[in-house]
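The chain is numbered in sequence order, starting from 1. Just so you know, ligand 1 is whichever comes first in the structure, and atom 1 is the first atom listed for that ligand. This structure is a prediction, so every number in the text was calculated from the model and none was measured. Any value given below was found using the heavy atoms of this structure, including those in side chains, with hydrogens, waters and symmetry copies removed.
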Amino acid sequence: MYDVIILGAGPAGLTAAIYTGRAKLSTLVLEAAMVGGNAGIADIIENYPGFPEGISGSELMARFKQQAENCGAEIRYDEALDIYPSSQGIVVETRLEKLTARAVLVATGARRRQLQVPGEEEFLGRGVSYCATCDGAFFRNSPVAVIGGGDSAVKEALYLADIASRVYLVHRREGFRAHKALVERMHNNERIILKLNQVVDEIEGDEYGVKQLLLKEVKSGQAEKLPVEGVFVSIGMVPAIGFLANRLQTDNGYIVVDESLMTSMPGVFAAGDICSKKVRQVATAVGDGALAGAAITEYLKE
Ligand code: NAP
């Protein structure tokens, strides 16, 4: 029996663990994949306060982890498969065991959205990727494409511009969702070639991997073949909700919470990118984590 079980060791989950650990609540953090979540694979994070020169996502998240552990939290690699209330508390069934907690925090974040075009699954790991910092090095001096027009896509394009021979940024509109400063940096980078008002129809290749993208101009319908060896899909996120969708109230797949971040199941809280909200950044996830940690501490006192 733990006081608190936290699902997800990203910025929100680890921040909450720092708070509940400092409040002397026994805290277990379950991580299904990699500590740090999406933030942990960012090559550089430039808008998190306290690091004026920027900091790599892996270093920042290693510090979060260290701090949570210093505060007494236990971090374990295991995946929650179900949660439900019982007379003993909230049961968390994982791949390996059945645990109980007095309160649970869901901080499972969000995953990259798929394009869902022919070739995307077939060439996954053979040219198709969702993470430039993880896979970019495979495309040294080769042409690649990044799909999307948000912060992630522009950041991926800028990162790849230092590695690939050229980077095509394929976006379905002319306007960018990405922050103005990032867009400006992209415009000033001569290795990035914009392909605007274009959608991907298909990713083509052979037994060795991706060879080209089939694009279609949105207005005219005109087709174009783009010779690339890497395709980085960066078209937003979908909530990592899984089994929780059947247990908790959601809005468009994201968990609905009240002002103290409690979900529709009493004793179960949610924080970070998994929550229904407008801004998803490390700083906002940290804010959520702090709020949830304090709210859980208060809830367990009562
Ligand atoms: P996003 O902001 O939702 O942008 C997704 C982009 O993909 C949009 O430009 C969208 O086009 C395009 N798109 C969506 N579905 C598509 C489809 N089926 N085909 C083609 N294009 C499609 O997602 P994100 O860039 O992953 O960012 C997610 C959140 O993390 C945002 O809140 C962002 O600010 C934050 N983030 C911040 C940073 C940072 O450094 N501050 C870095 C990464 C992410 P439309 O514009 O036409 O809708």
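Side-chain atoms of Asp43 do not come within 3.5 Å of backbone N or O of Gly57 as any donor-acceptor pair.
Thr94 and Asp78 share a side-chain donor-acceptor pair at under 3.5 Å.
Heavy atoms from other residues, nucleotides or ligands lying under 6.0 Å from CZ of Arg111 number 12 at most.
Aromatic ring orientation, Tyr48 versus Phe64: tilted (interplanar angle from 30° to 60°).
Grouping Ile, Leu, Val, Met, Phe, Trp and Tyr by side-chain contacts under 4.5 Å, direct or through others, puts Leu30 with Tyr2, Ile5, Leu7, Leu28, Ile83, Ile90, Val92, Leu99, Val104, Val106, Ile241, Phe243, Leu244, Leu248, Ile255, Val257, Leu261, Met265, Val268, Ile274, Leu291.
Between Lys211 and Glu202 no salt bridge is recorded (no basic side-chain N to carboxylate O distance below 4.0 Å).
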I'd like the atom pairs linking ligand 1 to the protein - N or O on both sides, separation under 3.5 Å - with distances to 0.1 Å.
from: ligand 1; atom 1: 9 (O); to: Gly149; atom 2: N; distance (Å): 3.1
from: ligand 1; atom 1: 9 (O); to: Gly150; atom 2: N; distance (Å): 3.4
from: ligand 1; atom 1: 11 (O); to: Arg172; atom 2: NE; distance (Å): 3.2
from: ligand 1; atom 1: 11 (O); to: Arg172; atom 2: NH2; distance (Å): 3.4
from: ligand 1; atom 1: 25 (O); to: Asp151; atom 2: N; distance (Å): 3.3
from: ligand 1; atom 1: 25 (O); to: Ser152; atom 2: N; distance (Å): 2.9
from: ligand 1; atom 1: 25 (O); to: Ser152; atom 2: OG; distance (Å): 3.2
from: ligand 1; atom 1: 26 (O); to: Ser152; atom 2: OG; distance (Å): 2.8
from: ligand 1; atom 1: 30 (O); to: Arg280; atom 2: O; distance (Å): 3.3
from: ligand 1; atom 1: 34 (O); to: Asp151; atom 2: OD2; distance (Å): 2.6
from: ligand 1; atom 1: 34 (O); to: Gln281; atom 2: NE2; distance (Å): 3.0
from: ligand 1; atom 1: 40 (O); to: Lys155; atom 2: NZ; distance (Å): 3.3
from: ligand 1; atom 1: 41 (N); to: Asn47; atom 2: ND2; distance (Å): 2.9
from: ligand 1; atom 1: 41 (N); to: Gln281; atom 2: OE1; distance (Å): 3.0
from: ligand 1; atom 1: 46 (O); to: Arg173; atom 2: NE; distance (Å): 3.3
from: ligand 1; atom 1: 46 (O); to: Arg173; atom 2: NH2; distance (Å): 2.8
from: ligand 1; atom 1: 46 (O); to: Arg177; atom 2: NE; distance (Å): 2.9
from: ligand 1; atom 1: 47 (O); to: Arg172; atom 2: NE; distance (Å): 2.9
from: ligand 1; atom 1: 47 (O); to: Arg173; atom 2: NE; distance (Å): 2.7
from: ligand 1; atom 1: 48 (O); to: Arg172; atom 2: NH2; distance (Å): 3.0
from: ligand 1; atom 1: 48 (O); to: Arg177; atom 2: NE; distance (Å): 3.3
from: ligand 1; atom 1: 48 (O); to: Arg177; atom 2: NH2; distance (Å): 2.6

